[in-house]
Amino acid sequence: MRIATWNVNSLKARLPRVEEWLSYAQPDVMCLQETKLADSAFPSMAFAALGYEAAHCGEGRWNGVAILSRVGLDDVVAGFSDQQEDEDTEARLLWATCGGVRIGTVYVPNGRMVGSEFYEEKLAWLDRLRRHVEGACDPSEPLVMCGDFNVAPEDRDVWDPTKLHGGTHVSQPEREAVAALQRWGLVDVFRSLHDEDRLYSWWDYRAGDFHQHRGLRIDLVLATKPVAERATFALIDRFARKGKLPSDHAPLLVDFDDDDVSGAGSRERSRGAGRS
DNA sequence: ATGGTAGCGCTGCTA
């Protein structure tokens with residue numbers, strides 16, 4: 001199974017590029033962030049034409065997340081498990097089960113400046129996400145949570161940690177929030193397959209940052225061990241950040257060897273059977 | 001020299 005994630009920075013502006021990318025990358029599941037669309041404006045038909053079912057959680061002008069799948073799309077749930085009916089939440093979290101794997105698409109708040117109210121809300125949101133995952137999921141079950149975390153986990157994920165405005169995306173509390181997810185049992189799959197620095201997923205539109213390779217790795221695929229152990233390939237597609245009308249993020253894709261990604265262990269069993 | 005671009009939508013905010 002191939003799972004991809006992409007912050008598209010407006011699906012209305014990016015639909016042709018997303019369609020093009022789906023056609024050549026052929027993901028089985030595609031998580032999108034920052035669709036910036038109301039649910040009523042979501043282009044379900046365009047994705048159906050490419051063979052994808054879709055679920056969208058949008059609010060209109062800001063945020064908005066979606067999951068596209070051609071391997072089933074069941075048990076769709078938007079938002080946090082402790083969310084109240086009347087709670088006015090931003091459209092930043094959506095879950096669905098695709099091909100036997102629970103999949104989440106997340107768009108973590110930016111935080112703007114360290115110490116601002118927005119920064120505190122970002123930390124609270126990340127903590128609420130951790131509590132949601134810990135309460136609703138089991139690290140021994142197949143789970144993939146991917147999206148724009150707006151946190152670069154380590155200094156090797158950043159072109160220059162000292163030059164970021166306000167120091168968000170690299171502060172210790174933000175990194176600790178991501179580390180807490182990893183301690184629970186989520187693996188940074190791209191990092192498990194690539195040790196190198198200078199592998200980024202986002203570049204500011206301004207000042208030629210992409211051309212100068214001044215970026216951050218803030219888009220992550222986090223998977224529980226039953227899934228992460230089966231990862232065979234991971235790629236940040238910098239090609240999709242080039243050319244006409246790009247998003248400021250590149251898509252990240254990961255391949256999982258999935259003749260049985262649901263964790264029943266058919267491969268181990270068949271090896272055992274071969275030896276017996 | 002401390003800048004810059006893009007999206008939304010029509011004014012200035014958000015990233």
Side-chain angles (χ1 to χ4, degrees), chain A residues 5-21 30-43 46-47 56-66 88-94 105-126 129 146-153 157-171 173-175 177-178 200-220 236-252:
Chain A
T5 180
W6 196 3
N7 178 323
V8 295
N9 185 21
S10 169
L11 187 54
K12 183 182 175 187
R14 217 67 62 212
L15 183 59
R17 295 214 43 158
V18 174
E19 291 174 311
E20 175 192 33
W21 197 82
M30 174 104 236
C31 295
L32 301 175
Q33 301 87 36
E34 278 205 273
T35 61
K36 296 185 176 178
L37 293 176
D39 288 336
S40 59
F42 186 77
F47 296 128
H56 181 247
C57 171
E59 62 185 73
R61 187 173 179 184
W62 305 112
N63 311 314
V65 289
D88 185 23
T89 52
E90 297 176 317
R92 296 179 177 276
L93 179 64
L94 180 67
T105 175
V106 310
Y107 175 47
V108 176
N110 175 285
R112 304 193 199 180
M113 298 284 285
V114 170
S116 68
E117 62 181 297
F118 304 99
Y119 176 77
E120 296 303 327
E121 286 169 10
K122 176 183 193 174
L123 294 178
W125 199 94
L126 281 164
L129 180 65
C146 51
D148 176 1
F149 283 77
N150 269 317
V151 178
D157 300 314
V158 179
W159 72 277
D160 184 345
T162 67
K163 286 200 170 57
L164 298 175
H165 7 273
T168 57
H169 299 63
V170 299
S171 74
E174 291 166 88
R175 286 177 167 173
V178 173
Y200 309 135
S201 66
W202 172 84
W203 299 261
D204 198 303
Y205 283 122
R206 296 169 290 186
D209 276 7
F210 180 71
H211 183 69
Q212 299 295 328
H213 206 52
R214 294 187 289 253
L216 306 176
R217 190 176 71 91
I218 55 176
D219 298 273
L220 308 175
I236 298 171
D237 184 9
R238 293 184 70 256
F239 183 79
R241 180 61 176 79
K242 302 179 182 179
K244 194 175 170 186
L245 289 177
S247 169
D248 46 353
H249 295 252
L252 163 62

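Each chain gets a letter, A, B and so on, in the order its sequence line appears, and its residues count up from 1.
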Check: With nearest nucleotides of DNA chain B determined for A:Glu34 and A:Lys12 from heavy-atom distances, which residue corresponds to the more 5′ nucleotide?
Finding: A:Lys12
Notebook entry, point to check: Expressed in angstrom and rounded to an integer, what is the separation of A:Asn7 atom CG from B:dA15 atom C1'?
Noted result: 9 Å
Next item on the list: Take atom NZ of A:Lys244 and atom P of B:dT5, then tell me their distance rounded to the nearest Å.
Entry: 19 Å
Next item on the list: Return the value, rounded to whole Å, for the distance between atom CG of A:Asn150 and atom P of B:dT14.
Entry: 15 Å
Notebook entry, point to check: Please give, in whole Å, the distance from B:dA6 P to A:Trp203 CH2?
Noted result: 16 Å
Item checked: A:Ser10 side-chain N/O to B:dC8 phosphate OP1/OP2 under 4.0 Å -> yes
Notebook entry, point to check: So which nucleotide from B:dT5, B:dG7, B:dG12 ends up closest to the side chain of A:Arg206?
Noted result: B:dT5
Check: Using the C1' atom in both, what is the distance from B:dT14 to B:dC10, to the nearest Å?
Finding: 16 Å
Next item on the list: Give a yes/no answer on whether the side chain of A:Arg14 brings an N or O atom under 4.0 Å of OP1 or OP2 in B:dG7.
Entry: yes
Check: Just how far, in rounded Å, is C1' of B:dA6 from NZ of A:Lys242?
Finding: 20 Å
Next item on the list: Provide the distance between the two P atoms, one in B:dA1 and one in B:dG12, to the nearest whole Å.
Entry: 30 Å
Notebook entry, point to check: For the residue pair A:Trp203 and A:Phe210, does the interplanar ring angle fall in the parallel (under 30°), tilted (30 to 60°) or perpendicular (over 60°) class?
Noted result: perpendicular
Next item on the list: Check the side chains of A:Trp202 and A:Asn7 for a donor-acceptor pair under 3.5 angstrom, ignoring hydrogens and angles.
Entry: no
Next item on the list: Starting at atom OH of A:Tyr205, determine the distance to atom P of B:dT5, rounded to an integer number of angstrom.
Entry: 13 Å
Next item on the list: With the side chain of A:Arg92 defined as its heavy atoms from C-beta on, choose the nearest nucleotide among B:dC8, B:dA15, B:dG4.
Entry: B:dA15
Next item on the list: Mind checking side-chain contact (heavy atoms from CB on, under 4.5 Å) for A:Ser10 and listing every partner two or more places apart, or none if nothing turns up?
Entry: A:Lys12, A:Ala13, A:Lys36
Check: Can you name the side-chain contact (heavy atoms from CB on, under 4.5 Å) partners of A:Ala66, sequence neighbours left out?
Finding: A:Leu32, A:Thr35, A:Phe42, A:His56
Check: Are side-chain heavy atoms of A:Leu252 and A:Cys146 found at a separation under 4.5 Å?
Finding: no
Check: Which is true for A:Arg214 with a 4.0 Å heavy-atom rule: it touches a base, it touches only sugar-phosphate, or it touches nothing?
Finding: nothing
Note to self: With a 4.0 Å limit, can you tell me whether A:Arg112 has a side-chain N or O closer than that to the phosphate oxygens OP1/OP2 of B:dT14?
What the structure shows: yes
Margin query: Please report the distance, rounded to the nearest Å, between OH in A:Tyr107 and C1' in B:dT14.
Written below: 8 Å
Margin query: Between A:Asp248 and A:Leu11, which residue's closest nucleotide on DNA chain B lies nearer the 5′ terminus?
Written below: A:Leu11
Note to self: Tell me the interatomic distance from A:Asp209, atom CG, to B:dA6, atom P, rounded to whole angstroms.
What the structure shows: 12 Å
